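Below is one structure, written out as structure tokens; the observations come after it.
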Amino acid sequence: MSLEESIAHHVSEPSPARGRATVIGAGVIGLTSALALARDGWTVTIVAQEAASASVSSVAGGIWFPYKAEASERAQRLLDDSFREFVRLAAQVPESGVDLRSGTWVERLPGTDRSWAAAVPGVRRAPEDEVPLGALDALRAELPIVDMPTFLHWLEDECQAEGIIPLQSKVRSPRDAAELTGADLVVVAAGAGSGPLLGDFTGFPVRGQVVRLQQPGITHWLIDDDHPDGMIYVIPRRGDIVIGGTADDGEFDTEVNPELETALLARAVAAVPELAGLRVLSSAVGLRPARPTLRLERFESHGVPVVAAYGHGGAGVTLSWGTAAEVARLARGE
């Protein structure tokens with residue numbers, strides 16, 4: 001179906017109880033928000049320049065963990081809501097690509113934020129003889145691990161099942177999106193592209209480079225953000241193991257740095273010797289869409305009601321379901 005035919009078909013359908021909503025953005029925040037709106041009675045269109053597989057969400061490691069996220073009561077609520085939904089998916093919807101896996105979080109600096117642990121049942125201290133050299137402490141927990149290729153494909157299928165129409169198009173403002181689709185409400189959830197659509201230029205990229213290794217059956221994850229040689233994380237997904245990483249504020253370079261890749265692998269193997277010799281499947285760079293604070297609010301912009309949902313930094317996946325629920329509430333005017 002052509003773009004024009006899709007729009008004509010969409011606009012000709014009877015209006016639902018809540019009206020027509022258009023979501024700008026097809027990453028994890030856009031897709032989950034679209035689902036929440038459709039399940040709340042809206043007729044929904046997603047407008048994006050690229051599919052989820054080409055978005056920064058496709059580079060995400062996929063562990064539920066609030067990295068580079070706002071620390072606030074609101075963020076904690078989003079964190080809790082998202083955790084509960086990922087746990088449900090792991091138990092009830094295996095085709096979503098979500099699994100619960102045990103792992104270790106390493107604390108090296110005094111006063112490191114542990115607030116994430118409040119949402120997770122069964123968190124415990126690691127045995128003293130298993131705390132890495134030079135670390136102050138370590139926690140053991142079972143967290144959701146999201147196989148991102150599977151999860152993004154599943155989200156797209158769920159959107160299709162809910163009758164959500166995807167349109168590949170570039171829009172310059174919420175008004176453009178509303179005029180294109182006949183929307184009564186526009187959700188701006190386009191990651192780094194969100195701010196410019198609303199005249200907000202406070203956002204900045206946080207560059208992250210990862211390496212994906214073959215998966216021989218490793219299931220234990222590791223997060224050691226403050227390692228003296230550089231950040232280490234090991235995320236064992238279904239189809240690969242994601243090794244990272246970096247967090248370079250304000251860096252726009254999306255080319256893989258081979259020297260950095262070598263260093264990432266060396267740090268990871270030193271921490272998890274079982275990784276030695278595993279075949280490299282691919283390398284990737286993603287620009288996390290950061291902002292001084294998360295923007296999640298409703299207002300009028302360009303003559304149409306708008307819900308802004310962006311600025312998640314490195315916690316887009318982690319806060320996704322909570323954000324989607326909040327988007328639905330804001331869309332209702334609550």
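Numbering of residues begins at 1 and proceeds along the displayed sequence. From a predicted model like this one, the values you see are computed outputs, not experimental measurements.
Although no hydrogens or angles enter the test, the distance criterion places a donor-acceptor pair under 3.5 Å between the side chain of Arg175 and the main chain of His302. Not a single donor-acceptor pair under 3.5 Å links the side chain of Asp81 to the backbone N or O of Trp321. A distance-only check finds a donor-acceptor pair linking the side chain of Gln214 to the backbone of Arg279 [under 3.5 Å]. Under the 3.5 Å distance criterion, the side-chain polar atoms of Thr318 are left unmatched by any main-chain donor or acceptor of Ala315. Between the side chain of Arg298 and the backbone N or O of Val307, no donor-acceptor pair lies under 3.5 Å. With hydrogens and angles disregarded, no donor-acceptor distance shorter than 3.5 Å links the side chain of Ser301 to the backbone of Val306. When atom types are taken as modelled, the side chain of Ser58 and the backbone of Ser53 share a donor-acceptor pair closer than 3.5 angstrom. A donor-acceptor pair under 3.5 Å is formed between the side chain of Ser55 and the backbone N or O of Ser57. A side-chain donor-acceptor contact under 3.5 Å links Thr262 to the backbone of Pro258. The closest donor-acceptor contact from the side chain of Ser82 to the backbone of Gly322 lies under 3.5 Å.
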Apply the test salt bridge (charged side-chain N to carboxylate O under 4.0 Å, His left out) to residues Glu326 and Arg74: give CA-CA distance (whole Å), side-chain angles for both, the deciding distance (0.1 Å), then the verdict.
-> CA-CA 10 Å; Glu326 186 69 12; Arg74 174 180 65 172; over 6 Å; no
Worked verdict on Glu158 versus Arg39 for salt bridge (charged side-chain N to carboxylate O under 4.0 Å, His left out) | CA-CA 11 Å; Glu158 289 293 294; Arg39 291 168 177 171; 2.9 Å; yes
Please step through salt bridge (charged side-chain N to carboxylate O under 4.0 Å, His left out) for the pair Arg288 and Asp249, ending with a clear verdict.
-> CA-CA 9 Å; Arg288 305 175 181 97; Asp249 290 3; over 6 Å; no
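Between Glu255 and Val285 there is no side-chain heavy-atom pair separated by less than 4.5 Å. Arg20 is not listed as a side-chain neighbour of Leu185, based on a closest heavy-atom distance of 4.5 Å or more. Taking the side chain as every heavy atom from C-beta outward, Leu152 and Glu156 never approach each other to under 4.5 Å. Under the 4.5 Å side-chain criterion, counting only non-hydrogen atoms from C-beta, Pro305 is not in contact with Val186. At a threshold of 4.5 Å between non-hydrogen side-chain atoms, the residues Pro196 and Phe201 count as touching.
Using a 4.0 Å cut-off between charged nitrogen and carboxylate oxygen, Glu130 and Arg125 do not count as a salt-bridge pair. For the pair Arg101 and Glu142, the salt-bridge criterion is not met [side-chain N within less than 4.0 Å of a carboxylate O]. A salt bridge links Arg291 with Asp200: at least one charged nitrogen is closer than 4.0 Å to a carboxylate oxygen. Taking a cutoff of 4.0 Å between a charged side-chain nitrogen and a carboxylate oxygen, Arg77 and Asp80 do not qualify as a salt bridge.
Both Val98 and Val87 belong to a single network of hydrophobic side chains, linked directly or stepwise wherever heavy atoms of I, L, V, M, F, W or Y lie under 4.5 Å apart.
Under 3.5 Å, the side chains of Thr323 and His312 contain a donor-acceptor pair of N or O atoms.
The line from CG of Leu264 to CG of Asn257 is 9.0 Å long, rounded to the nearest 0.5 Å. For the atom pair CZ (Arg329) and CG (Asp40), the distance works out to 10.0 Å, reported to the nearest 0.5 Å. Annotation: the span from Ile218 atom CD1 to Ile241 atom CD1 amounts to 4.0 Å, rounded to 0.5 Å. The CG atom of Leu260 sits 4.0 Å away from the CD atom of Gln209 when rounded to the nearest 0.5 Å.
By the neighbour-count criterion of 12 heavy atoms within 6.0 Å, atom CD of Glu50 is densely surrounded, having more than that number from other residues, nucleotides or ligands. Other residues, nucleotides and ligands contribute only 12 or fewer heavy atoms inside 6.0 Å of the NE2 atom of His153.
For Trp105 and Trp221, the gap between ring centers reaches or exceeds 6.0 Å.
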